[in-house]
*Asks:* 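Okay, handing you the structure first.
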Amino acid sequence: MFTPDVLFQFANTFVLIGWIFLLFLPTWKFSVSIARFFVIVPLSMLYAFLVVKSFGNFDPNMFSTLAGVKSLFGQDLGVLVGWIHYLAFDLFVGTYIVKKAQSLQMPRFLYTICLPFTFMFGPLGLLLFYVFWWFISIKMLKASN
């Protein structure tokens, strides 16, 4: 049966496909598409199914207080939905980092450093990417003067 534990294990394992492509084959022309359309889309579909399934229990006021959010995530289904949300969005941010870094001609090792941080800590990986981007922009400005 598809219990929250089983779906949690599935989502945790399935998302690795996208991260593997981004980490090990970031310059392959299909890597970002595979991550976006064959990993993020199915995770988003699972997320949508679980949200719709639990919509009868949904109270929009739960998001207005810390106690409300805590109670929302105090249930297995709530934690699962939140976790799939993180997995999908963090992977999307990873695809953004790869595409943007390549358009900036950022060295691969720099943006690859950001990806594990994005996978594990989301905004921290994005912040690290923006720091690298800032340093590269400064360097380019100095080189043009």
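On a predicted model such as this, the values are computed, not experimentally measured, just so you know.
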*Asks:* Give, for atom CG of L16 and atom CG of L91, the distance between the pair rounded to the nearest 0.5 Å.
*Replies:* 10.0 Å
*Asks:* Using a cut-off of 6.0 Å, state whether more than 12 heavy atoms not belonging to F132 lie near its atom CZ.
*Replies:* yes
*Asks:* A side-chain contact here means heavy atoms from C-beta on lying under 4.5 Å apart; do L127 and C114 qualify?
*Replies:* no
*Asks:* Show which side-chain atoms of residues 29-51 pair as donor or acceptor with protein atoms under 3.5 Å away, not counting sequence neighbours.
*Replies:*
from, atom 1, to, atom 2, distance (Å)
S31, OG, L25, O, 2.4
R36, NE, T95, OG1, 3.0
R36, NH2, T95, OG1, 3.4
S44, OG, I40, O, 2.8

*Asks:* Going by the rule ring pair (Phe, Tyr, Trp, His ring centres under 6.0 Å), which residues pair with W133 if we only count those two or more places apart in sequence or in a different chain?
*Replies:* F129, Y130
*Asks:* Looking at CG of D76 and CG of L7, how far apart are the two atoms once the value is rounded to the nearest 0.5 Å?
*Replies:* 11.0 Å
*Asks:* In the single-linkage hydrophobic clustering (I, L, V, M, F, W, Y; side-chain heavy atoms under 4.5 Å), do F109 and M106 co-cluster?
*Replies:* yes
*Asks:* Where is the tightest heavy-atom contact between P107 and I136, given as atom of each residue plus distance?
*Replies:* CD-CD1, 4.0 Å
*Asks:* Name every donor-acceptor pair, under 3.5 Å, that has one atom in a side chain of residues 60-71 and the other anywhere in the protein, sequence neighbours excluded.
*Replies:*
from, atom 1, to, atom 2, distance (Å)
S64, OG, N61, O, 2.6
T65, OG1, G68, N, 2.9
S71, OG, G68, O, 2.8

*Asks:* Which pair of non-hydrogen atoms, one from F2 and one from V6, has the smallest distance, and what is that distance?
*Replies:* CD2-CG1, 4.4 Å
*Asks:* Could you check if a side-chain atom of L23 sits within less than 4.5 angstrom of a side-chain atom of P116, using non-hydrogen atoms only?
*Replies:* yes
*Asks:* I'd like to know if F117 and L110 are part of one continuous hydrophobic network [Ile/Leu/Val/Met/Phe/Trp/Tyr, side-chain heavy atoms within less than 4.5 Å].
*Replies:* yes
*Asks:* What residues, two or more places apart in sequence or in another chain, satisfy side-chain contact (heavy atoms from CB on, under 4.5 Å) together with F135?
*Replies:* V131
*Asks:* Going hydrophobic residue to hydrophobic residue with side-chain gaps under 4.5 angstrom, can you get from F89 over to Y96?
*Replies:* no
*Asks:* Do you know the tightest heavy-atom contact between I84 and A11?
*Replies:* CG1-CB, 4.0 Å
*Asks:* What residue pairs, at least two apart or across chains, pass side chain to side chain donor-acceptor pair (under 3.5 Å) with a residue in residues 100-128?
*Replies:* Q102-Y111
*Asks:* Report yes if some heavy atom in the side chain of L22 is under 4.5 Å from a heavy atom in the side chain of I97; otherwise report no.
*Replies:* no
*Asks:* Can you check whether L115 reaches W19 side chain to side chain, under 4.5 Å on heavy atoms?
*Replies:* yes
*Asks:* Only counting residues at least two apart or in another chain, list the ones meeting side-chain contact (heavy atoms from CB on, under 4.5 Å) with N12.
*Replies:* F8, W83, L87
*Asks:* Could you check whether atom CZ of F73 has more than 12 heavy atoms from other residues, nucleotides or ligands sitting under 6.0 Å from it?
*Replies:* yes
*Asks:* Same cluster or not: are V81 and F92 linked, directly or through other Ile, Leu, Val, Met, Phe, Trp or Tyr residues, by side-chain heavy atoms under 4.5 angstrom apart?
*Replies:* yes
